[in-house]
Amino acid sequence: MNQIDTLQTEERRYPPPPEFAAQANARADIYGRDFDELWRTEAGRLDWLEPWHTLYEWEAPYAKWYVGGKLNVCFNCVDRHVEAGLGSRVAYHWEGEPGDAETITYADLQRRVVRFANALRELGVRKGTPVAIYMGMVPDLPVAMLACTRLGAPHTVVFGGFSADSLSSRMNDMGCEVLVTQDEAWRRGTTVPLKRTADEAMAVAAGVRACLVVRRTGGEVPMTDGRDRWLDELDVADDPESCPCEPMDAEDLLFLMYTSGTTAKPKGIVHTTAGYLVAVATTHDYIFDLKADRDVYWCAADIGWITGHSYIVYGPLANATTSVIYEGTPDFPDKERWWAIVERYGVSILYAAPTAIRAHMKWGPEHAGKHRLSSLRLLGSVGEPINPEAWVWYHEHIGGGRCPIVDTWWQTETGMIMITPLPGVTTLKPGSGTQPFPGVDAAVYDESGNEVGPGGGGYLVLRRPWPAMTRGIYGDPERFQQTYWSRYPGIYFAGDGARIDEDGDFWLLGRVDDVMNVSGHRISTIEVESALVDHPAVAEAAVCGRNDALTGQAIVAFVTLKGGHEGSVEMLEELRNHVAEVIGPIAKPANVLFTPELPKTRSGKIMRRLLRDVAENRPLGDTTTLADPTVVEEIRERSTAGGPDE
Ligand code: WT7
């Protein structure tokens, strides 16, 4: 049975536990709140240097929120909490991979951020200077981001698993002048040479004139005179007065987060200051039922993705949350690691990806069983559809049957969670994101733009602006218009399929475009294809995602080699590694199938749908539009020979 069939027969219901409902931040009447009133009131969570005068201005596809307001993000996330007497509250319990740990209070965080900001100033960073950050999950990553916001310098954080090419293309696109990185990162007991990769990237990113390096492993790394500086060798002050928070306009650029689309070039998704911060703080509070003075919150994502930006850094810190940050992976040094962390810090809220939950499910509940998980009171899921089996396992074996699960649908572009249950209010259905967040106008449309009623399926759209919505694709307004706003004029097209059930609850069905979702990471088929054809032996390549029990989707590549090259096991490994080098290990195909030809329409378009049928062993769909219908049968015969699929 495929995912859609499973969802259609899912009948389990989990009403809110009365004890949870009695103390919940969200009450049922939140859905009745007037849109303007809601976002006016929630803006009061922040400290403003100058009040805004207009809630929002909307000229599709561009919104402005809290127009006229001035504020500083770092001040709202750090300084004001210290000023309010919360300096001794823990901001982050940091757990390092080899077992080292650090506890950082809000007062500590303030000093570290100020020091970091002064270091950036020493390197010439001023309001408006674009800064790239290429780091692992170390405390200085959120510190670097906050330091940028303190100075009013927009940042782009590039996931530490990306290649030199991926890093340089992002830095060049944004025009970054300064790069922050670390010597090396820890990963499964070995080191990852971030600074060395950063050097390769800087060699082709001429605009980067300075590099600030944080020491993590203490490994030897080359330093270029006049460009590279160690953070710990800079003699800079850490008292807040030495580096005041820059007043920023509500619509000033806060950061870019690059994400894969349906072309080879990643898109720089623009997020601005005030609307983003109000929205991530508000959603974090209601959706995670945050009790800032007691909860220990752990979002097990990487800060290098939007989930980490919104729900490890900006939302939680704006709400003065105590969070856990974990540097490593779930199964190193053993499969109990996560549960030992939950027990050690008394984690009460856990937010994780379905792919991780499915891995734990595969390893068996005995690992979690060895630890006290009774501190947990709420669970979350994000990044891809969660299959009901994984949902129920999470509920029983991790949540002890008592914790509501919030299955949160959103995107890099939306900035904030858009479709989600509200814990204590919503009756949960395993596999359903249930309802749009209050004020979010989500709907399902058919091909011709008619709204689909209960029981129907189609494309997910968003019809009303929201404060954290992207302000566009950096430097490419046409692509922004084309990608999201042209299928249904003036309405946001998310790129996801969705179904709406008889109760009006939403069921997210995955991407409908040429974007794959591997372990909750968005990867473009075309990006992987261009990495493959970049290899000298490859003539042509077509890539698709096939269902995978663990990672949601797995990447399968169909490759035609140039004359003189043989499709061997060695070639297969070489191509997989080549993709890892060009993009990053997350984009490595699970399998590569060599074929003398690719299935194309008579106009020369590769039929990816047919390749997916082959990859998933389905009967072949319509092949009548193919230039040569025998090609697919031939590919199918060859593909049964199999590949590595580790
Ligand atoms: C795509 C966005 C912001 C979350 C991290 C990924 C898929 C995300 C869910 C969910 C079903 C989901 C969608 C979306 N997705 N959350 N709860 N249920 N699908 O952010 O890299 O921008 O990817 O992830 O397909 O379009 P992203």
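In each ligand, atom 1 is the first atom listed, and ligand 1 is the first ligand listed. Numbers here are sequence positions counted from 1.
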Which protein heavy atom lies closest to [atom], and at what distance to 0.1 Å?
atom                    : result
atom 4 (C) of ligand 1  : V382 CG2, 3.5 Å
atom 21 (O) of ligand 1 : R522 CD, 3.4 Å
atom 11 (C) of ligand 1 : P385 N, 3.1 Å
atom 26 (O) of ligand 1 : D496 OD2, 2.4 Å
atom 22 (O) of ligand 1 : T412 OG1, 2.6 Å

Charged N to carboxylate O under 4.0 angstrom, [X] versus [Y]?
X    : Y    : value
R608 : E529 : yes
R471 : E251 : yes
D476 : K267 : no
D331 : R337 : no

So is [X] actually on top of [Y]'s ring, under 6.0 Å and inside 45° of the axis?
X    : Y    : result
R464 : F35  : yes
R170 : F162 : yes
R487 : Y459 : yes

Counting only heavy atoms closer than 4.0 Å, does ligand 1 sit against the backbone of [X], its side chain, both, or neither?
X    : answer
T408 : backbone
E384 : backbone
L508 : side chain
I306 : side chain

Seminar exercise, completed: Closest to atom 24 (O) of ligand 1 by heavy-atom distance, out of G383, G380, G431, G520, is G383
Exercise. Per the side chain to side chain contact (heavy atoms under 4.5 Å, CB included) rule, which among L422, I419, I417, T408 passes with F437?
Worked result: L422
For this session: Before signing off on this row, confirm whether D407 and ligand 1 have an N or O atom pair separated by under 3.5 Å.
Result: yes
Exercise. With a 4.0 Å cut-off on heavy atoms, is G495 touching ligand 1?
Worked result: no
Seminar exercise, completed: Note: ligand 1 atoms sitting under 4.0 Å from heavy atoms of N517 are 7 (C), 24 (O)
Problem set entry | Under 4.0 Å to a heavy atom of T307 - the qualifying atoms of ligand 1, by number | 4 (C), 5 (C)
Exercise. In a check of ring-ring contact (aromatic ring centres under 6.0 Å, His included) between Y351 and each of Y297, F288, W298, Y394, which one passes?
Worked result: F288
